[in-house]
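Heads up, the thing below is written out as structure tokens.
Chain letters run A, B, ... following the sequence lines, proteins first, then strands; residues in each count from 1. Please read all numbers here as calculations on a predicted model, not as lab measurements.
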There are 2 protein chains.
Amino acid sequence: MPYMQVALAVDLVVLTIREHRLCVLLVERGIEPYEGLAALPGGFVLPGEDLADAAYRELAEETGIGDGIHLEQLATYGAPGRDPRGRTVSVAWLALAPQMAEPVAGSDASGAHWIPVDDVNGEALAFDHGLILKDGVERARAKLEYTPLGAAFCPPEFTVAHLRAVYEAVWGHPLDPRNFHRKVTRAPGFLCPTGRVTTTADGGRPAQLFTRGDMDVLNPPIVRG
Amino acid sequence: MPYMQVALAVDLVVLTIREHRLCVLLVERGIEPYEGLAALPGGFVLPGEDLADAAYRELAEETGIGDGIHLEQLATYGAPGRDPRGRTVSVAWLALAPQMAEPVAGSDASGAHWIPVDDVNGEALAFDHGLILKDGVERARAKLEYTPLGAAFCPPEFTVAHLRAVYEAVWGHPLDPRNFHRKVTRAPGFLCPTGRVTTTADGGRPAQLFTRGDMDVLNPPIVRG
DNA sequence: TTAATAGTGTCTATTAGACACTATCAG
DNA sequence: CTGATAGTGTCTAATAGACACTATTAA
């Protein structure tokens, strides 16, 4: 093989909603470089392993799950000095996860935690992970507008109010419940009615339960206001 | 450095409009593997070179220019078997070029040609370049809707009719000239009037000349119909 | 009952698309 | 003049956003 050889890694921007806030999964680095600093989960790609497979493997290692999680390629970062050990190129992936059990199960990192993205100081992250996180959050915010990906933050069955809470958390401002309801329920293929309703309506009318539909482009989009 | 080392390349999907058709720049490979086959322009990243710089360098080498050309990262392709010589990861870039002189100047490829994308058989391209081209064209088509990037296909000064021809070529169907005119001229920041008008109006009223504005997100979008 | 949430209807200002119409050129 | 392209105005159906109103639960 001619020319330069580089190390190949994947890094993950795993987002979820916790307590009405958009949160990202961060791990504490257990080894140099940047030992002790917060970083995005990730690792090196194995020989013979496809990029997407590496991303799924790291996701499973760090979160214990992976089934039903939306994963898409975000961008690739390869500036010459981004890793002090030598030239390393990282293919970053964006993962949208439904709410899950408090601590991260099956993690092999020193510690993995959900941190509200607004509380993260990008400068304090290892490598160029602050930049990667910023790009990932912006991608997620944009995708809510013109795709049904908000539902990826919800459990398999969810209500319109649950979905609206996702939008409000990601965009950071409230939406009109009535107009939102009409918009998403009338968008063909966005939501599949299950026929069931919530039983635990604490002080309100029970809500219909939906599953994710098969639509992939939302036209017209839901606007960010 | 731990773990696997891979070769790092950039490949370019360079699009332009020629004779009302969306065309891509293809080169004929002069060396194995895939010698003689059509391929996207590209090459290996140099030591110490940033990914975007490598893309700009290859673009300049293949097209002779690069100034004023829109370039953005498309995606990264790294399936284990995609290069028979060994594991190679390619960061693909999308470039939108205004119409330029017929043959490609300053090219170091055996031959570089503009081919209408509808005439390209993806299966007949080297490596996984058929897939990369498909992804690039789809990205371009989508970006015309919600960004002012159509203007990247136009020369520095252009008319509304010229811009409309771009949209029609990329999307493959005609648009109403009057509604299109109103839409783009009333979108704040899309077009900058120069005050000048075309002189060579062969059989029609002279048209105003515009330059690209500073807007980056088109809201509301121009819909594909 | 009240408080809370789910969901529907309605009004208004805005917009997309269709297309009539005017403006300005070449020949 | 005719024919062509540039650009504006107008009409209509559809839509976004505001918000009144009904439905169904817990307490």
Q) Can you check whether A:H181 has a side-chain N or O nearer than 4.0 Å to OP1 or OP2 of C:dG7? A) yes
Q) Is the phosphate of D:dG7, meaning OP1 or OP2, less than 4.0 Å from a side-chain N or O of B:Q208? A) yes
**Q.** B:E145/B:K183 salt bridge by N-O under 4.0 Å criterion
**A.** no
**Q.** Salt-bridge contact A:R57-A:E61 (side-chain N to carboxylate O under 4.0 Å)
**A.**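 Between A:E61 and A:R57 there is a salt bridge, with a charged N closer than 4.0 Å to a carboxylate O.
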Q: Could you work out which one of C:dC21, C:dG7, D:dC19 sits closest to the side chain of A:D176?
A: D:dC19
Q. Considering only side-chain heavy atoms of B:R205, which listed nucleotide, D:dA18, D:dT8, C:dA23, is closest?
A.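 Comparing D:dA18, D:dT8, C:dA23 against the side chain of B:R205, the answer is C:dA23.
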Q: Flag yes if more than 12 heavy atoms outside A:H173 fall under 6.0 Å of its NE2 atom; otherwise flag no.
A: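 Buried by this count: over 12 neighbours within 6.0 Å.
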**Q.** Centroid separation B:F210 to B:F190 less than 6.0 Å
**A.**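 No - the distance between ring centres of B:F210 and B:F190 does not fall below the 6.0 Å cut-off.
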Q | A:Y77 and A:D135 side chains, donor-acceptor separation under 3.5 Å | A | yes
(Q) Which label fits A:Y167 and A:W171: parallel for a plane angle under 30°, tilted from 30 to 60°, or perpendicular past 60°? (A) perpendicular
Q) Within the side chain of B:R18, is there an N or O that forms a donor-acceptor pair under 3.5 Å with the backbone of B:Q99? A)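 Side chain of B:R18 to backbone of B:Q99: no pair is present.
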Q | Interface with DNA chain D, restricted to residues 144-173 of chain A and to heavy atoms under 4.0 Å | A | none
Measure all distances between protein nitrogen or oxygen atoms and nitrogen or oxygen atoms of nucleotides 13-16 of chain C, and list the pairs falling under 3.5 Å.
unit_1 : atom_1 : unit_2 : atom_2 : d
C:dA16 : OP1    : B:K183 : NZ     : 2.7

